[in-house]
Amino acid sequence: MADTTSDAEESSTAEPVAETYSSDELSVARTEAQEVTERILGLREAYYERDEVLVDDAEYDTLIRRLETLEHSFPELQSQDSPTQSVGGRVAALFDPVEHAERMLSLDNVFSIDEFSAWATKVYRDAGRTVDFLCELKIDGLAINLRYENGLLTSAATRGDGRVGEDVTENVLLIDSIPKQLLGSGHPPIVEVRGEVFIPVAAFRELNAEQTAAGEKVFANPRNAAAGSLRQKAEGKNADKLAAMNRRLSKLRMLVHGIGAWQNPPLSTQSATYGLLASWGLPTSTHFTVVPSAEEATAFIEYFGEHRDSVEHEIDGIVIKVDDLALHDELGATSRAPRWAIAFKYPPEQVNTRLVDIVVSVGRTGRATPYAVMEPVRVAGSVVRQATLHNQDVVKAKGVLIGDTIVLRKAGDVIPEVLGPVVELRDGTEREFVMPVVCPECGTELRAMKEGDIDMRCPNARSCPAQVRGRVEHVGSRGGLDIEALGEVSAAALTQPEVPETPPLVTEAGLFALTLDELLPIEVIVRDAESGLPKIESDGTERRRTPFRRNPSAAEKKEGLTGPQPSSAAHTLLDELEKAKTKPLWRMLVSLNIRHVGPVAARALADYFGSLDAIRAATQQELAAVDGVGPIIADSLIEWFTIDWHEDIVTEWAAAGVQFSTPGHPGPGAAAATEGPLTGLTVVATGSLDGYTREGAQEAIITAGGKAASSVSKKTDFVAAGPGAGSKLAKAEELGIRILDAAQFRILVEHGPAALPPPATQ
DNA sequence: CACCCTCGAGTTCA
DNA sequence: CTCGAGGGTG
């Protein structure tokens with residue numbers, strides 16, 4: 001990034017380009033330059049007047065550089081008021097400019113441990129000796145320069161372009177954590193102190209709640225909130241507004257991390273500087289450490305990469321500085337950044353990308369779900385190319401158009417979520433998403449199943465390929481019959497193979513009657529995971545795969561087996577289907593794909609009735625009498641049995657040997673609640689518990705007579721949490737629910753709560 | 001009528 | 001694992 005500035009400088013002093021372009025080319029370039037200029041001005045306006053950060057710095061720089069290139073190639077396009085004349089020049093019109101006594105440099109960035117190591121190697125080489133590194137958190141806030149004259153705070157300014165910033169003294173005077181007068185007496189007559197103004201995450205939430213209550217807009221993130229709060233103007237505000245403004249400013253905090261404009265300070269290390277700053281009464285971070293090697297700096301980076309949430313403010317990286325001040329002078333600086341420090345940037349949690357298309361997928365229930373197809377982009381540590389948009393109302397509410405640049409984040413650090421469009425970057429070619437009228441998989445007209453339903457569904461439940469595939473996959477899923485060999489790929493191969501023309505499974509009815517002979521001929525087309533397009537062989541044909549057969553091995557040929565042999569996947573699938581036939585009744589119920597009947601409702605029904613026949617014979621009232629089953633689920637069950645091809649599933653599965661009853665069940669009636677050590681208790685298991693699978697832990701709770709809930713609430717008695725536990729653990733802590741580790745969980749399910757050691761007191 | 005809970009779907013990772 | 005939607009319960 002340090003190169004950016006020098007490139008720009010070089011381009012302005014380089015030989016003028018020979019004027020060989022035509023007037024046509026010039027007018028094309030003029031149009032583009034105007035467009036780019038407008039975009040940049042739009043972004044600046046958003047940034048300065050509405051405190052909105054619409055694009056990241058890299059994208060902003062790209063626009064600036066494009067304009068520079070154009071102006072360089074076509075000198076006619078240069079002008080005094082071009083945005084390129086104030087590069088980095090995010091200097092505001094609203095605040096008075098302040099010149100810093102010493103240039104505020106920014107830091108070069110590295111984005112990986114490798115890049116960091118390369119930087120460290122260069123430092124070692126240039127230093128020619130061992131180096132201590134000071135590691136500190138890089139706060140995601142605003143860089144501020146405080147100027148103290150004779151110990152009194154006289155001015156506070158943003159960084160601006162590094163040389164000239166905006167005067168925000170009035171507002172900074174209202175931030176409590178910034179001393180207006182320095183303590184002690186050792187400070188020089190004029191000293192500049194650099195630091196970061198930010199809003200702690202908790203205060204940010206408070207602020208947004210207040211904004212909502214007051215009907216004002218909420219801030220997208222703490223950084224924006226800090227910037228917005230610091231850049232408020234008092235002028236023209238009435239008493240109420242002024243009070244609100246002061247309240248916002250009071251939430252801001254500052255931490256200082258450097259000194260500017262002080263010749264020959266009586267110090268030898270950066271860490272000693274922090275001690276001195278603290279002795280003057282300035283707030284310094286407690287999260288810093290000095291380490292003797294780059295390896296240990298790496299460990300610091302990795303530690304906080306995993307514990308970003310443990311800090312009260314948002315951090316976007318780690319700053320590593322050479323501790324020895326003498327070395328700072330030896331290493332020097334480029335025009336933009338010092339060589340003795342580097343910023344390690346963590347992967348951003350919010351990024352911009354292009355919305356290439358909005359496509360509709362159909363699930364096993366026939367629901368048509370629009371999802372965003374995006375330019376692949378790295379966010380929070382993984383590459384994302386798709387994100388669900390739920391339904392057409394959500395698409396509308398988010399206001400995104402196909403072709404938009406959009407803001408993307410990972411909700412809960414896992415699930416990609418489209419936040420909205422960057423309206424300023426539209427160029428007029430974007431188009432609105434229109435919900436298709438027909439099912440993208442089978443062409444049947446989509447419709448809302450109920451009055452006022454937002455969801456559109458494909459009514460062709462029996463033969464829509466997407467629905468059949470989805471249902472077959474659901475049978476094999478963990479909540480269903482848990483058939484390892486029957487996942488997404490097998491389900492597709494069985495229901496929509498390229499060969500044979502008629503698939504082995506037209507509906508799931510034939511699943512348990514599958515034979516090797518039916519599996520062998522199956523051929524599927526290999527598709528690219530990214531584009532979804534078939535992969536093409538060198539001879540121009542689509543690449544095919546035969547998941548259930550393979551060529552005979554040399555040994556088999558010797559024994560005279562010349563024809564294709566069944567693959568191990570084929571054997572596994574048939575074996576597992578055989579075993580599945582006698583699995584518990586509730587798994588069968590889940591596998592029938594009855595609306596609203598998931599593992600929980602299915603268990604309740606199976607325990608109560610003991611057989612599918614008993615369920616079929618029951619009236620709505622009888623079904624609804626089951627704990628956990630209400631009139632809607634009851635209706636859904638009755639409705640399900642009225643459809644012929646549903647009955648065919650039961651008939652054919654039964655004919656193939658599927659057991660639809662619980663052996664030894666006495667028949668319909670309230671099953672006696674399992675008596676055990678956990679009777680009456682609700683337990684939630686989360687994270688990986690040593691000695692238990694996710695399923696196993698649930699099973700253990702149920703066999704002990706307890707209720708295995710899936711989310712933590714007031715009614716939860718215990719939460720068993722292992723490593724990797726996420727929000728449920730946090731929720732449990734919030735509600736003050738006792739949290740158990742794997743060993744304690746084992747005691748609980750085997751011997752009951754009384755056997756637990758007394759809770760550790762905090 | 002509040003809650004609390006389950007269902008269903010999409011998504012990525014080890 | 002998280003969300004929205006919508007069902008179930010007190």
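Below, read A as the first sequence line, B as the second, and so on, with proteins coming before strands; counting in each chain starts at 1. Given the structure is predicted, the values throughout are model-derived calculations rather than measurements.
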Original post:
Within the side chain of H596(A), is there an N or O that forms a donor-acceptor pair under 3.5 Å with the backbone of I632(A)?
Top reply: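 No: the side chain of H596(A) does not pair with the backbone of I632(A).
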Set of residues satisfying side-chain hydrogen bond (donor to acceptor under 3.5 Å, both in side chains) with respect to [X], sequence neighbours excluded:
| X | result |
| --- | --- |
| T365(A) | R457(A) |
| E647(A) | R616(A) |
| E441(A) | R469(A) |

Please state how far atom [atom1] in [X] lies from atom [atom2] in [N], giving the value in whole angstrom units.
| X | N | atom1 | atom2 | value |
| --- | --- | --- | --- | --- |
| I632(A) | dG8(C) | CD1 | C1' | 10 Å |
| K396(A) | dG4(C) | NZ | C1' | 18 Å |
| N391(A) | dG6(C) | CG | C1' | 13 Å |
| R385(A) | dT11(B) | CZ | C1' | 12 Å |

**OP:** Sugar-phosphate atoms are those with a prime plus P, OP1 and OP2; base atoms are the rest. Using that split, label each nucleotide of nucleotides 4-10 of chain B B, S or - for protein heavy atoms under 4.0 Å, 5' to 3'.
**Re:** SSBSSSB
Contacts table for residues 482-494 of chain A: side-chain donor-acceptor under 3.5 angstrom, sequence neighbours left out:
| residue | atom | partner | partner atom | Å |
| --- | --- | --- | --- | --- |
| S490(A) | OG | A485(A) | O | 2.8 |

**OP:** Applying ring pair (Phe, Tyr, Trp, His ring centres under 6.0 Å), name anything that partners W640(A), two or more places apart in sequence or on another chain.
**Re:** H646(A)
